[in-house]
**Q** 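Dumping the structure here so I can ask a few things about it.
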Amino acid sequence: MTLEQYLIVSALVFGLGMFTVIARRNLIAVLIGIELMLNSVTLNFVAFSRFSNVGSLFDGQIAAVFVMALAVAEAAVGLGLLLALYRRFGSIDSETPDTLKG
């Protein structure tokens, strides 16, 4: 595969993730959309590392590991917030919590 093909796949995955975040009201679907966007960033890091002639071959892979660690932390915090919202409001709909509205 060429770099352009990797970038096209990454753009499609990022677009799908962004659509999921914008269109869905379910908080689990929103978290899945954020994970898709982070995966597309990881794909970009690895693709640019593979086709770059500057620096080490493993620079993109190291950055990808950091993005994966960030995704794990985001999932843990997000699921914790999701459980707290479910216990408080009884729903995982993103528009249900309205107690902070003035």
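We count residues from 1, following the sequence as given.
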**Q** When clusters are formed by joining ILVMFWY residues with side-chain heavy atoms under 4.5 Å apart, either directly or through shared neighbours, do Val46 and Val67 land in the same one?
**A** no
**Q** So which pairs with a foot in residues 16-25 pass side-chain hydrogen bond (donor to acceptor under 3.5 Å, both in side chains), sequence neighbours left out?
**A** Arg25-Asp93
**Q** Check the pair Asp59 / Phe45 against side chain to side chain contact (heavy atoms under 4.5 Å, CB included), numbers first and verdict last.
**A** CA-CA 8 Å; Asp59 288 342; Phe45 279 139; over 6 Å; no
**Q** Supply the members, apart from Met68, of the Ile/Leu/Val/Met/Phe/Trp/Tyr cluster built from side-chain contacts under 4.5 Å; use none for a lone residue.
**A** Val65
**Q** Given Leu82 and Leu79, is the side chain to side chain contact (heavy atoms under 4.5 Å, CB included) satisfied, shown in steps?
**A** CA-CA 5 Å; Leu82 187 100; Leu79 288 176; 4.2 Å; yes
**Q** Any side-chain hydrogen bond (donor to acceptor under 3.5 Å, both in side chains) pairs touching residues 63-74, not counting sequence neighbours?
**A** none
**Q** Which residues satisfy the side-chain hydrogen bond (donor to acceptor under 3.5 Å, both in side chains) test with Asn44, sequence neighbours excluded?
**A** Ser10
**Q** Give, for atom CG of Leu12 and atom CG of Leu36, the distance between the pair rounded to the nearest 0.5 Å.
**A** 12.0 Å
**Q** Decide whether Ile22 and Leu16 are clustered together by the hydrophobic rule: side chain heavy atoms of Ile, Leu, Val, Met, Phe, Trp, Tyr closer than 4.5 Å, transitively.
**A** no
**Q** Are Leu38 and Val21 linked, directly or through other ILVMFWY residues, by side chains that come within less than 4.5 angstrom of each other?
**A** yes
**Q** Answer yes or no: does atom CZ of Phe66 have more than 12 heavy-atom neighbours from other residues, nucleotides or ligands under 6.0 Å?
**A** no
**Q** Taking a hydrophobic cluster as the set of Ile, Leu, Val, Met, Phe, Trp and Tyr residues connected by side-chain heavy atoms closer than 4.5 Å, whether directly or through intermediates, do Ile34 and Leu27 fall within one such cluster?
**A** no
**Q** Are Leu7 and Val41 co-members of a hydrophobic cluster defined by side-chain heavy atoms under 4.5 Å apart?
**A** no
**Q** Count the heavy atoms belonging to other residues, nucleotides or ligands that lie under 6.0 Å from CZ of Phe19, then report whether that count exceeds 12.
**A** no
**Q** Does Leu81 sit in a hydrophobic cluster with other residues, and if so which ones, taking ILVMFWY side chains as linked at heavy-atom separations under 4.5 Å, directly or through other members?
**A** Val77
**Q** Minimum heavy-atom separation for Phe51 and Met1, please, with both atom names.
**A** CZ-O, 3.2 Å
**Q** Using modelled atom types and a 3.5 Å cut-off, is there a donor and acceptor pairing between side-chain atoms of Ser52 and backbone atoms of Ser49?
**A** no
**Q** Identify the two heavy atoms, one from Tyr86 and one from Ser91, that lie closest to each other, and give their separation to 0.1 Å.
**A** CD1-N, 3.7 Å
**Q** Can you name the side-chain hydrogen bond (donor to acceptor under 3.5 Å, both in side chains) partners of Gln5, sequence neighbours left out?
**A** none
**Q** Do Val13 and Leu43 make a side-chain contact, defined as non-hydrogen atoms from C-beta onward lying under 4.5 Å apart?
**A** no
**Q** Could you report the tightest heavy-atom contact between Ala75 and Glu35, atom names first, then the distance?
**A** CB-OE2, 3.8 Å
